[in-house]
There are 2 protein chains.
Amino acid sequence: MITSLPRLQAEEAALPDPIPDGSKGRILVAALRLFAKQGFHGTSIRAIGAELGLKAGNLYLYFESKEKLLAELVRLGHEAHHRRLRRALISGSADPIEQVKAIVRAHVRVHAEYPMLAYVANYEAHALSPELIEPSLVLRRESVAIFTEVVQRGIDQGIFHVSSIFLATTAISGMGMRVASWYRPDLGIDIAELAETYAQFAIRILQP
Amino acid sequence: MITSLPRLQAEEAALPDPIPDGSKGRILVAALRLFAKQGFHGTSIRAIGAELGLKAGNLYLYFESKEKLLAELVRLGHEAHHRRLRRALISGSADPIEQVKAIVRAHVRVHAEYPMLAYVANYEAHALSPELIEPSLVLRRESVAIFTEVVQRGIDQGIFHVSSIFLATTAISGMGMRVASWYRPDLGIDIAELAETYAQFAIRILQP
DNA sequence: GTCTATACACAGATAGAC
DNA sequence: GTCTATCTGTGTATAGAC
């Protein structure tokens, strides 16, 4: 019997390479796990230190504030997401169907491989001041634009048919984002197959 | 230029009828808005009171703790969701296609009409103790079962074709849940049309 | 019903010893 | 590098006056 409603199922805090060396990297990983499971405001500096056997004060040798620590995680998350989308776009074909599939695969993969990072980047960024969130917003706007433009090309070529490009892209990106909440390795679901299935769903939505 | 990454776009805190009379109802609405925008741990009792021109201590005349206040909101959210799904199921036809459409419409509608309530029910419930979350978990398990069974019937009848019923239902429910994050009335999107569009997307996913 | 006052715990952050 | 100690603010919650 489940007796709680966790924000996400993942248990392991994963960061994309290269993880900063030494204590800084270890602090990032510990903070990521706690921020993802309990939220930024629900996590104390003391709790992060305790995960590493450190007292609270030590963390200030590596991060000047708790908020800067969160900002770095949010930035890493948005960078990883944007990098994957970019790579999917440039390595693919000119066919809108293949482009959408490549982008959705990348979108889903990053949410399954780094669920905690995706979760924190998406749902804890609200705790950041405008200056600290701005670099991530730039990446986010571009990621949204990538999705939209690829779908638009398919529409222009008469390959896709949707009543609203906005509703289609929110649906497609939304189902991928949700993966961060439910994915866990022990479900026995291969990430490549998951990504392929969701890419197929996206095409079905766009090309009835 | 956007300078923050809000958890959701909605500005108004809406609760389904009947909203409790008097101060209790007003406290619920104020807490809902703040919990949705800033999170449970990011919201103080003082801040909730300030929204209503009340001092912190007054709230304890209506709720015995901040956690019980959250618990009531989470329960109201799960009840509204479950009630809508149930109603959609019993009022529909026996055709799996019509059943899925009815359930997805209801699912999407409740996320668009009560985005803050849906958001808090889904993403802040982790802050509740096992005893306080349990009533909502019962409803949640049943809502998941409704989705799954309706899709399964369509598969059994040879109407739907998906490689994994789990991946299909997570995709369909996930795109609906995401609506709570982006929907706002001034987008000019009619909720009925939104629900209809997403219901169509669900069918496209299930019936290629 | 609403206030002031307050108890008590814990938060983020800093200073300086070892 | 890690510690103890501490500053200062804020948190939840309660008691009792008006």
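Fair warning: this is a prediction, and the values are worked out from it, not measured in the lab.
For the pair B/Leu61 CG and C/dC3 C1', the interatomic distance rounds to 11 Å; values are reported in whole Å. Atom-to-atom, CD of B/Glu64 to P of D/dA13 comes out at 10 Å; the value is rounded to the nearest Å.
Of the candidate nucleotides D/dT2, C/dA11, C/dC3, C/dC3 has the atom nearest to the side chain of B/Asn58. Checked against C/dT2, D/dC3, D/dT6, the side chain of B/Ser23 finds its nearest nucleotide in C/dT2. Comparing C/dA11, C/dT2, D/dG11 by their closest approach to the side chain of B/Ser44 singles out D/dG11. Checking D/dA13, C/dT4, C/dA11 against every side-chain atom of B/Arg46, the shortest atom distance belongs to D/dA13. Which of C/dC3, C/dG12, D/dT12 sits closest to the side chain of B/Ile45 comes down to D/dT12. In the set D/dC3, C/dG12, D/dT12, the nucleotide with an atom closest to the side chain of A/Tyr60 is C/dG12. Here the nucleotide nearest the side chain of A/Lys66, chosen from D/dT12, C/dG12, C/dT2, is C/dG12. Residue B/Leu54 places its side chain closer to C/dT2 than to any other of D/dA13, C/dG12, C/dT2.
Ring geometry for A/Trp182 versus A/Tyr198: interplanar angle of 30 to 60°, hence tilted.
The 5' end of DNA chain C is approached more closely, in terms of each residue's nearest nucleotide, by B/Gly57 than by the other of B/Gly57 and A/Ser65.
Taking the charged nitrogens against the carboxylate oxygens, B/Glu79 and B/Arg86 have no contact shorter than 4.0 Å, which rules out a salt bridge. No salt bridge links A/Lys68 with A/Glu131; every basic N to acidic carboxylate O contact stays at or beyond 4.0 Å.
Counting any heavy atom pair closer than 4.0 Å across all strands shown, A/Gly49 reaches no nucleic acid atom.
Side-chain polar atoms of A/Thr170 and B/Tyr183 form no donor-acceptor pair below 3.5 angstrom.
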